[in-house]
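A quick write-up on the structure given underneath.
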Amino acid sequence: MSRIKIFDTTLRDGEQSPGVNLNQLEKLEIAKQLERFGVDRMEAGFPASSKGDFQAVKAIADTIKNTSVTALARTVKSDVDTAWEALKGAEHPSIHLFLATSPIHMTYKLKKTPEQVMNTAVEMVTYAKTKFHNVQWSAEDASRSDLDFLAQIIERVINAGATVINLPDTVGYTTPAEYGRMFQYIKETVPNIDQAHLSCHCHNDLGMAVANSLAAVENGATQIEGTINGIGERAGNASLEEIAVALKVRSDFYPYTTGLQLEETKRTSDLVAKLTGMYVQANKAVVGRNAFAHESGIHQDGVLKHASTYEIMTPEMVGVKANNLVLGKHSGRHAFKDKVKELGMELSEEKLKSAFDAFKQLTDHKKEVTDDDLFTILMEVQTDTTSVNKYQLEMFQVQYGTANIPTAAVVLQTPDGRTVQTACTGQGSVEAVYRTLDELISENLKLIDYQLSSVGGGKDALAESHVQLEVNGQAVNGRGTAQDVIEASANAFLNAVNRYIVRQHSQESNVVASKT
């Protein structure tokens with residue numbers, strides 16, 4: 001069976017989802033999980049776009065050993081140089097160059113003739129090849145490009161050294177039949193196409209990204225690009241977990257394999273959802289919580305008699321466990337450490353102690369701690385940035401009832417060490433707490449989005465809150481957990497503000513470093 005390479009762009013294209021902004025620690029955790037998942041290449045970011053992205057890509061490149069780390073770059077010499085500086089410490093560095101080839105993009109965005117576009121592509125691929133062994137070139141908006149021109153430019157960039165040719169459906173416009181024909185045409189027309197891998201990259205604007213990707217594979221693509229949970233700008237990208245499981249379940253139709261460890265699917269999905277704040281809808285294929293649930297009596301009867309009557313894949317295939325109760329009040333540090341290792345987490349001794357303390361606090365109120373609970377605690381500790389003074393919640397109290405006006409009193413420690421307190425009212429308890437926090441925090445704040453969910457089930461389940469704030473005009477995400485929904489909401493609000501403070505501190509440090 002032919003091997004299809006998996007190119008994950010969760011950390012680059014996925015992070016372009018509105019409202020998603022991951023810090024370096026969060027990106028690194030996702031990168032390590034993608035390595036465990038078994039992706040062949042991970043696009044770690046766009047180093048030339050910002051100092052923060054450069055540092056995150058470099059950290060990932062210096063950490064990941066078994067997966068090729070890729071950086072995006074425009075067809076500009078300085079972008080190639082910056083990508084190399086970020087990736088030169090990687091075991092398997094590669095670069096992803098892109099340039100639009102459709103008439104509408106060349107005319108209105110690039111303002112270049114087809115000949116100028118072709119010359120630029122060849123020149124920059126040639127230059128990138130002096131630094132990188134693996135050079136991927138993408139014809140942006142390929143699905144709306146002239147096929148003859150596409151064939152000509154592909155032939156020339158392969159001669160210049162491109163090892164992968166990517167033909168994206170950038171705006172999610174094409175259909176499986178059309179997309180498949182484009183790959184077939186390129187395979188039949190470009191004389192040196194056997195010297196490079198063909199890659200597909202599909203957006204989901206019309207809901208056909210997965211179908212289009214599979215059509216590309218049927219017609220010669222040997223690499224599929226996508227994101228975990230299908231996240232990405234606009235309607236997102238092709239969902240890698242859906243593609244991988246489709247190839248596995250329908251191996252009778254698709255004679256292809258991947259290097260993915262499918263039992264890591266659910267954990268990878270959960271991690272990305274938690275850190276991005278983009279929850280997976282219940283009925284999502286493969287990883288939604290209803291993917292293996294059967295409400296209909298007829299379905300339940302069939303599944304009880306023989307699972308394959310209504311289940312075409314098993315929960316275990318993608319890492320969904322029937323019973324994941326793991327630890328309780330009397331579990332010791334050794335058992336806790338073993339469970340952390342089983343979950344694939346690597347914590348320093350200091351963070352392991354913090355996580356164990358948080359676990360013990362949870363067991364005072366929750367009899368049985370599940371994998372989901374523990375995973376949430378570990379992510380909170382692992383991605384916490386404690387090197388900068390931040391706002392800390394010392395105490396809050398909410399008075400609420402059907403006959404009372406909701407009132408919140410909050411005591412807060414500020415980044416400069418002062419203790420401040422006040423009280424405010426609101427239409428509800430969360431609004432009262434948020435108004436009070438807003439009153440105490442010196443930054444200009446505006447709440448854009450607020451979400452609340454439970455971790456697992458049961459009346460003692462952890463509450464998890466995600467918010468998006470505008471802090472001094474900059475969009476920042478925050479998340480917080482607690483057994484009390486009000487406390488989780490307050491934690492998420494403060495987490496967003498503190499992430500802004502950490503970001504500002506990092507930028508100021510970079511300015512000082514550059515001056516010295």
Side-chain angles (χ1 to χ4, degrees), residues 19 270-271 273-282 289 324-325 329 355 357-381 383-384 390-413 421-441 445-469 471 476-499:
D270 289 346
L271 176 64
K274 188 176 297 295
L275 295 186
T276 61
M278 298 191 69
Y279 293 111
V280 173
Q281 71 267 29
R289 70 172 181 267
N324 70 348
L325 298 178
K329 186 172 184 177
D357 291 343
F359 159 71
K360 280 298 187 182
Q361 288 179 15
L362 180 60
T363 59
D364 287 339
H365 307 284
K366 198 172 192 291
K367 185 176 180 180
E368 295 172 323
V369 178
T370 66
D371 279 356
D372 288 340
D373 295 324
L374 188 55
F375 191 65
T376 299
I377 291 172
L378 294 175
M379 279 298 100
E380 289 291 315
V381 171
T383 59
D384 182 38
K390 298 174 292 186
Y391 287 98
Q392 295 183 48
L393 183 65
E394 291 196 350
M395 187 279 290
F396 81 96
Q397 183 174 333
V398 177
Q399 183 180 22
Y400 178 80
T402 56
N404 299 325
I405 297 174
T407 305
V410 174
V411 179
L412 201 63
Q413 188 178 90
Q421 59 184 326
T422 192
C424 293
T425 61
Q427 294 298 312
S429 52
V430 172
E431 185 186 12
V433 169
Y434 280 6
R435 279 188 173 181
T436 310
L437 290 172
D438 196 355
E439 189 76 20
L440 293 172
I441 293 171
L445 306 176
K446 180 181 179 182
L447 180 64
I448 305 300
D449 189 34
Y450 167 80
Q451 299 178 50
L452 186 67
S453 63
S454 65
V455 177
K459 61 185 180 182
D460 60 351
L462 276 173
E464 185 169 50
S465 177
H466 280 84
V467 301
Q468 185 181 10
L469 296 180
V471 185
V476 188
N477 285 357
R479 69 178 187 279
T481 57
Q483 282 208 287
D484 178 76
V485 295
I486 309 301
E487 185 178 356
S489 301
N491 290 340
F493 192 94
L494 287 175
N495 180 250
V497 176
N498 287 333
R499 285 166 72 102

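As the structure is a prediction and not an experimental result, all values here were calculated from the model. Because only heavy atoms are used, hydrogens play no part in the values below, and waters and symmetry mates are left out as well, while side chains stay in.
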Surrounding [atom1] of [X] (heavy atoms of other residues, nucleotides or ligands, distance under 6.0 Å), is the total greater than 12?
X: I405; atom1: CD1; value: no
X: K360; atom1: NZ; value: yes
X: Q397; atom1: CD; value: no

Original post:
Do the side chain of H466 and the main chain of K274 share a donor and acceptor less than 3.5 angstrom apart?
Top reply: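 Checked: pair present.
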Subject >> Test item: S454 side-chain N/O and A461 main-chain N/O as donor-acceptor pair under 3.5 Å >> reply: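 It does not hold such a pair.
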Can you measure from [atom1] ([X]) to [atom2] ([Y]) and round to the nearest 0.5 angstrom?
X: D372; Y: I377; atom1: CG; atom2: CD1; result: 11.5 Å
X: L494; Y: L412; atom1: CG; atom2: CG; result: 5.5 Å
X: N495; Y: L393; atom1: CG; atom2: CG; result: 12.5 Å
X: H365; Y: L462; atom1: NE2; atom2: CG; result: 10.5 Å
X: T276; Y: L271; atom1: OG1; atom2: CG; result: 9.0 Å
X: F493; Y: L445; atom1: CZ; atom2: CG; result: 5.0 Å

Tell me the closest heavy-atom pair linking [X] and [Y], and the distance in Å.
X: A432; Y: T436; answer: O-OG1, 2.6 Å
X: A463; Y: A488; answer: O-CB, 3.7 Å
X: L469; Y: A496; answer: CD1-CB, 3.7 Å
X: S465; Y: L452; answer: CB-CD1, 3.9 Å

Side-chain contact, heavy-atom cut-off 4.5 Å: [X] with [Y]?
X: R479; Y: Q451; result: no
X: E394; Y: Q421; result: no
X: V467; Y: N477; result: no
X: Y400; Y: I486; result: no

Original post:
Cut-off 3.5 Å, side chains only: do D373 and T370 have a donor facing an acceptor?
Top reply: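 The criterion, which ignores hydrogens and geometry beyond distance, is satisfied for T370 and D373.
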Subject >> Under the side chain to side chain donor-acceptor pair (under 3.5 Å) test, residues paired with E487 that sit two or more places apart >> reply: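 Once residues adjacent in sequence are excluded, E487 has no partner under the side chain to side chain donor-acceptor pair (under 3.5 Å) criterion.
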**OP:** Not counting sequence neighbours, which residues clear side chain to side chain donor-acceptor pair (under 3.5 Å) with S453? List them please.
**Re:**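 Partners of S453 by the side chain to side chain donor-acceptor pair (under 3.5 Å) criterion, ordered by chain and then number, come out as Y279.
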**OP:** Sequence neighbours left out, what pairs pass side chain to side chain donor-acceptor pair (under 3.5 Å) with at least one residue falling in residues 424-435?
**Re:**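 Only E431-R435 qualify under side chain to side chain donor-acceptor pair (under 3.5 Å).
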